[in-house]
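Shown next, in C-alpha cells, is the structure this report addresses.
In what follows, every chain begins at residue 1, and chains take the letters A, B, ... in the order their sequences are listed. In this text, all values refer to a predicted model and were calculated from it rather than measured experimentally.
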Protein chains: 2
Amino acid sequence: MTSTTVLRRFNRTYTQRIGALDESFLGLGMPLASARLLFEIGTTQPVTVQELRARLGLDSGYVSRLLRGLESRRLVALSPDPADRRRRVAALTAEGARLLEDLDERSDDLAARLLEPLSERQRARLADALATADLLVRAATIAFEVVDPASPDARLAMGHYFAELDRRFEGGFDPGPLTEADLATMRPPGGTFVLARSDGEVVACGGVQALGDGVGEVKRMWVDDGWRGAGLGARMLRRLEDDAAALGHTVVRLDTNATLTDAIALYERSGYAAVERYNDNPYAQRWFEKPLTAPAAAARRPRG
Amino acid sequence: MTSTTVLRRFNRTYTQRIGALDESFLGLGMPLASARLLFEIGTTQPVTVQELRARLGLDSGYVSRLLRGLESRRLVALSPDPADRRRRVAALTAEGARLLEDLDERSDDLAARLLEPLSERQRARLADALATADLLVRAATIAFEVVDPASPDARLAMGHYFAELDRRFEGGFDPGPLTEADLATMRPPGGTFVLARSDGEVVACGGVQALGDGVGEVKRMWVDDGWRGAGLGARMLRRLEDDAAALGHTVVRLDTNATLTDAIALYERSGYAAVERYNDNPYAQRWFEKPLTAPAAAARRPRG
DNA sequence: ACGATTGTCTGACTAGAGTCAGACGAATGA
DNA sequence: TCATTCGTCTGACTCTAGTCAGACAATCGT
C-alpha cells in the first residue's frame, strides 16, 4: 500500500470514529464556531479581534457577531485597545475560563472513553503511533518563506540560533552585536534569509550570503529542538541550496563547530565534502562545500 | 504524556491540517452530505435506501431528499426493489460512477500533495504510524453484541471459524451439520453467543455453553485474520468470561488443538491452566480451565 | 381480510456557518 | 486638515444539514 492510500484509509477511519472529539465542544449549548473562538481566545489571553479573524480565517462580520454572543453570555470581555482605539481586544471572564476548563475536561473524558477498550500496551502503542504521525503531519505542513533578515521574526530565529550555540559550545558563544552590515549580507542580490513556520511560529531558519566568484555560504541554520528528527534540517538546507542556485551561485560552502555532530552528519548525508579552512571564524573547526549542478533538481527528492 | 493527551494533541493537528481531505469532496459543486451519500452508494452498488440511512445515520426524509437531488442530476438511479416494492434501491449511473472516480482522484491528489514535502523515509514512517493508529482506533471502536447463534451473522461467523480450522489442521476439519440442538447449547439459560462487529462487519465471535455444575465452556472463538494483533481475542475471551459469570458459571473450560499456538498463548496469558481431557472432542489435544472469581472484575483490565 | 407495521416521501421547520455590501468612527499620511 | 485607510460593526442574505410530523402505499401477521 502506498502512503497516500494509507493516509486516505486512516482519514476515513478517523473522521468516522474520532471526528466526534471536536463535537465534544458541543453539548454545552454552544455552537462549534463559538466554542472554537472561545478556545482561541483562551490560548492567548488578551487578543485583538483582528488576530482572531486571521487565525480562524473568518469574516470580520461573523467574528463580530460571534463575539457579541459570547459577550452577552458574559464569557468574554471586550475592550478597546488603548494603543489604537479602532481595535478591540478580547479576554476571558472568570466564567469564560471556567467554561473552557469544563469543555476541556469533557474532551478529555471523551478521549479517555475512546481509549478505554484498549489494553495499557495497546494504548501506549497508539500514543506512540499518533505522536509520530503528529510530528510528521506537522512537518509536512510547514511553510517556508523568504523574509528580510532584519524583520522581527528573523531576529527572533537568529536569537534562538545564537542561544543554542551558546548552550552547546564548551566556552559558550558570543555573536557580538547584530550589525546592519551583517544582516545586509543575507539580502539580494547574492544573499537570502528563509524562515520555516508551523502555525505561525518560527521553527527553523537559515541564510545564504555571497562569498564572491559564484560561491555562496550557508549561514545561521537552526532548527527548533522540538522539531529534531522531522527532516526539517534537510529540507531547509535543500531550500537554501535551491535559493543559492537561483541567486547565481554554483557552489555553496559552510562552516561548523565540531561539537555539532548532528549538523555534520546532515551535511555529509546531503552531499557536502570536507574542504580546507576558507575563513577565520574562530568557532569553526570543520568546513564543507557542495557544487550546485542543475537548480538543485537532483537534490529535490532525497533518496530516503 | 498520557495517551489521552497525545490523542487530543493529534486531534488538533489533524483536524487543522488534514480535515480538509474530506472537503476535497467539495469543489465539484456538491454539498458534503450528497457526496458522502454518493460515495456510500458507490461502495456497495445496488443498495436499499434503508441501508444508506442506517449506514450514514441520517433521517429518512433527509436521505430521500438528497437522493432526489442526486437523481435529478442523473448521478444515481432509483428503482423499486422487486423483492419488496416498498423498498427502493439506489445504483450509480455511468455519469455518477465517473464523478465518483473524479472525486476519488482529487482526494488522492490532495493526499499526495500533503505528503509531498516529506522524504520517502518519512512517508514510510508516517504510513506505518497511521496504519498502526488505524488498526488500534478501529479496534477501540469495535462493538460487542449478544446474538442468537442461529442468526445469519452468527452462522457466518461460525462458518469463518470452521473454515479456518479446516485450513490450519493437518487433516482438515469437518464440523458436521450445524444442528439446532448444537446451536441451542449457546442460548440462555447457561449459554450465550457473542459477535464483534466493526462497521457492521463481523470480525470475531465466541460462544459459551453450560457443562453443568457451575462449569461453562468457551466454544467457537474466532478472530478475523485482518484483526490479529489488535487484542481482539483477549477482549472477546474476557467478554465471554464476564457473560459466563453472569450466567452463573464459576469456572470456564475450553479445549483446543495443539496447532493453534497463538490461541494457546492467549489462554495462558489470560490465566487459564492446563487440565486433563474433559471431553471426547477428537480434534482437541489441550484442555484448559479458569476459575471465575468475582464477576470477572479482576480480569477486566489486563496487565498490559 | 384487515389492522398493524414498514419503507419511503413530502411539507414545514430550525440552527449553524458563513458571505457581502455598506456604515461609522479612529488613525494616518501628505 | 482632510482624504484615505483601517478595524469593527450591522443588516440582509445564502447554503448546509438536519429534525419532526404526518401521508401513503406495500407487506406482514393473525
From the list [options], which nucleotide is the closest neighbour of the side chain of [X]?
| X | options | answer |
| --- | --- | --- |
| A/Asp59 | C/dT19, D/dA17, D/dC9 | C/dT19 |
| A/Arg53 | D/dG7, C/dG18, C/dT10 | D/dG7 |
| A/Ser64 | D/dG18, D/dT10, C/dA17 | D/dT10 |
| A/Arg86 | C/dA27, C/dT19, D/dT8 | C/dA27 |
| A/Arg65 | D/dA17, C/dT19, C/dG18 | C/dT19 |
| B/Val49 | C/dA12, D/dA25, C/dC9 | C/dC9 |

Can you check the [X] [atom1] to [N] [atom2] distance for me, whole Å?
| X | N | atom1 | atom2 | value |
| --- | --- | --- | --- | --- |
| A/Glu71 | D/dT10 | CD | C1' | 15 Å |
| A/Leu70 | D/dC9 | CG | P | 12 Å |
| B/Leu32 | C/dA17 | CG | C1' | 14 Å |
| B/Leu78 | C/dT8 | CG | C1' | 11 Å |
| B/Met30 | D/dC15 | CE | C1' | 15 Å |
| B/Arg87 | C/dC9 | CZ | C1' | 17 Å |
| A/Leu58 | C/dC20 | CG | P | 13 Å |
| B/Tyr62 | D/dT16 | OH | C1' | 6 Å |

Query raised in the report: Do we see a donor-acceptor contact under 3.5 Å between the side chains of A/Thr44 and A/Arg55?
Result: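 Present: a donor and an acceptor within the cut-off.
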Query - Side chain to side chain, B/Trp227 and B/Ser198, heavy atoms closer than 4.5 Å - result: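 Yes; the side chains approach each other to less than 4.5 Å.
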Query - Whichever of A/Ala83 and A/Ala33 has its nearest DNA chain C nucleotide further upstream toward 5' - result: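 Closer to the 5' end of DNA chain C: A/Ala33.
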**Report entry** Non-hydrogen atoms of A/Arg155 and A/Ala150 that approach each other most closely
**Finding:**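 So the minimum-distance heavy-atom pair works out to NE-O, 2.9 Å.
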**Report entry** For the student: nearest non-hydrogen atoms of B/Leu67 and B/Ala90, plus distance
**Finding:**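 Where B/Leu67 meets B/Ala90 most closely, the heavy atoms are CD2-CB, 4.5 Å.
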Report task. Check whether any side-chain N or O of A/Arg68 sits under 4.0 Å from OP1 or OP2 of D/dT10, and answer yes or no. Result ->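 So the side chain of A/Arg68 is within the cut-off, an N or O lying under 4.0 Å from OP1 or OP2 of D/dT10.
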Query raised in the report: OP1, OP2 of C/dC9 versus side-chain N and O of B/Arg88: anything below 4.0 Å?
Result: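 Yes, because at least one side-chain N or O of B/Arg88 sits under 4.0 Å from OP1 or OP2 of C/dC9.
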Report task. Tell me what A/Leu66 touches on the nucleic acid: a base, only sugar-phosphate, or nothing, going by heavy atoms under 4.0 Å. Result ->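 Nothing: the residue A/Leu66, judged by heavy atoms under 4.0 Å, touches no strand.
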Query - Evaluation steps, salt bridge (charged side-chain N to carboxylate O under 4.0 Å, His left out), between B/Arg113 and B/Asp109 - result: CA-CA 6 Å; B/Arg113 212 169 322 129; B/Asp109 283 358; 5.2 Å; no
